[in-house]
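Please read the structure below before turning to the comments.
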Amino acid sequence: MKKLINNPDKYVDEVLEGMALTYPDIYAIGGATGRMLHRVTPAQDKVGVVSGGGFGHIPVFAGYIGEGFLDACAVGDVFASPDMNPMLESIKFADKGKGVLCIVANYGGDRMNFDMACEMAEMDDIEAIKVIVADDVASASKEEAKKRRGVAGFVYVSKIAGAAAAKGYTLSQVADVAQKASDNCRSIGVALSSCTVPQAGKPTFVIAEDEIEIGMGIHGEPGVGRSKIGTVDETVDKMLSHLLADRPAQAGDRMAILVNGLGGTPIEELYLILRRAKAQLEDVGVKLEHIRVGNYATSMEMAGASITLMQLDDELETLLTADAVCPFWEN
Amino acid sequence: MSFTTKSIQNTISEIQQVVDPIGAELNELDGRLGDGDLGVTMINGFNNMKSIIDDMPEDLGQALFSAAKAMTAVSGSSFGTLMATALMAAGKATKGREAAEWSEVPELLQLAQDAMISRGGASLGDKTLLDSLDAVIKATTGINDPEEMQKAASNAAKEALAEFINKPNKIGRARVYAEKSIGLEDPGMVAICRLVDAIPAK
């Protein structure tokens with residue numbers, strides 16, 4: 001293991017400290033065990049929006065705290081769900097009497113613990129409900145879409161829910177529009193190299209120097225198959241074919257595209273991905289109305305990228321482009 | 001005498017005093033089929049619940065919820081999560097009350113059982129703690145005296161353990177070793193036996 005770290009057991013807490021020191025007006029560390037990150041200035045008079053999940057995906061999850069985004073977030077260990085307690089702390093922090101929406105990426109531990117946190121909140125007369133993000137088309141068939149893993153689509157769902165809450169939507173309205181965003185998202189990734197969890201000390205999986213794996217998950221879960229690496233255009237075409245097979249594009253469809261780096265890929269290569277994807281999508285008549293390229297949902301030092309498409313309507317577009325104050329989202 | 005926060009405090013205190021040897025036994029059993037952390041979960045869970053009993057509210061539901069919180073704070077293992085789920089299900093049903101009749105306990109266990117099935121995905125017959133709990137519920141329904149209830153529960157848990165020893169595990173990590181699990185006691189079922197025996201019968 002070759003990393004700029006101290007004690008692996010303190011890795012998460014020390015990174016959180018670094019984030020709070022870098023953005024002292026936005027992030028504050030809270031909770032009994034220091035595993036709740038929250039806004040420095042709590043919002044008032046709106047529906048709360050929170051999330052939580054394993055660490056090692058910065059900016060996902062806690063990085064998306066900010067005005068027009070999340071109010072608070074529970075932080076687990078690297079690639080491991082937080083327990084229920086910081087989730088409950090996040091819900092309580094975010095509750096201003098109008099209820100709280102929990103945006104949960106579709107992993108067993110995250111779901112089960114958020115279920116418990118929502119039940120606990122109910123005992124304190126706080127209404128807390130979940131929206132599940134399950135956008136990774138490679139992780140289950142269309143028939144079993146509910147079993148799909150949540151990946152970079154989380155970023156869009158958080159932005160939409162955060163903007164809706166800031167505009168004064170009620171809890172059920174925020175949940176509905178977040179669900180719509182989630183339903184409209186499709187993602188697929190490609191991995192070129194593995195990553196090492198500090199507490200494990202060894203690479204999570206092994207992949208040959210000349211191989212790529214399409215559809216690999218952000219913790220190294222198996223994808224749809226390995227192949228020899230080709231040109232970036234060929235790889236993008238394969239990724240798009242999976243996305244468009246799952247949800248065929250119609251001429252005139254309006255979409256947002258997120259070309260996301262997994263942590264170990266130069267931004268230059270991400271621009272190459274965007275270049276090809278835009279040409280191919282426009283070729284079938286899709287209008288790309290909102291383009292983002294960068295590291296939005298990572299997997300430690302894994303090399304690779306993902307493409308997320310979100311079908312837009314007027315409401316989603318308004319919320320997606322609404323102002324937000326978050327270090328990882330430029331307006 | 002009825003079932004109150006005091007009963008919960010006593011139960012946690014008594015079990016905590018004997019949890020170390022129980023935990024050691026469960027770790028060993030679990031190491032043969034699972035990941036060997038069942039005993040650790042029990043020990044850490046009961047130690048942490050013990051540390052908060054003085055702050056437990058009179059409200060039965062809130063007291064059960066505070067126990068669930070203490071359980072989840074030390075363990076992310078599936079057994080810890082299921083224990084917390086059980087405590088919360090019983091807590092929801094008793095929110096706002098300071099006492100329940102002993103005869104209601106089997107109903108509370110049934111609610112706990114239902115919640116664990118729904119959260120954990122196991123079914124009756126899979127050779128898990130649910131099969132022990134099912135036997136306990138059946139044996140204690142209709143009994144009003146806590147001492148008599150504990151005896152019935154203790155016998156039922158032991159009978160369930162014996163009944164399932166020669167069946168295969170059908171869920172969880174042990175399922176991978178389904179054949180190997182035949183003839184072995186399920187660690188979760190043993191846990192129920194030991195817990196029931198450690199409950200003070202007053």
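Keep in mind that the numbers below use all heavy atoms, side chains included, and drop hydrogens, waters and symmetry copies. First the proteins, then the strands, lettered A, B, ... as listed; each starts at 1.
- For A/Asn85 and B/Thr72, the side-chain atoms include at least one donor-acceptor pair closer than 3.5 Å.
- For the pair B/Gly91 and A/Met123, the tightest heavy-atom approach, listed with the atom from each and the gap, is O-CE, 3.9 Å.
- Annotation: B/Lys95, atom NZ; neighbour count of heavy atoms from other residues, nucleotides and ligands within 6.0 Å is above 12.
- At most 12 non-hydrogen atoms from other residues, nucleotides or ligands lie less than 6.0 angstrom from CD of A/Glu127.
- In the displayed structure, B/Glu28 atom CD is contacted under 6.0 Å by at most 12 heavy atoms of other residues, nucleotides or ligands.
- The 12-atom threshold is not exceeded at NZ of B/Lys6, counting heavy atoms of other residues, nucleotides or ligands nearer than 6.0 Å.
- Separating the CE atom in B/Met88 from the CE atom in A/Met84 is a distance of 6.0 Å, to the nearest 0.5 Å.
- A salt bridge links A/Glu119 with B/Arg119: the closest approach of a Lys/Arg side-chain nitrogen to an acidic carboxylate oxygen falls below 4.0 angstrom.
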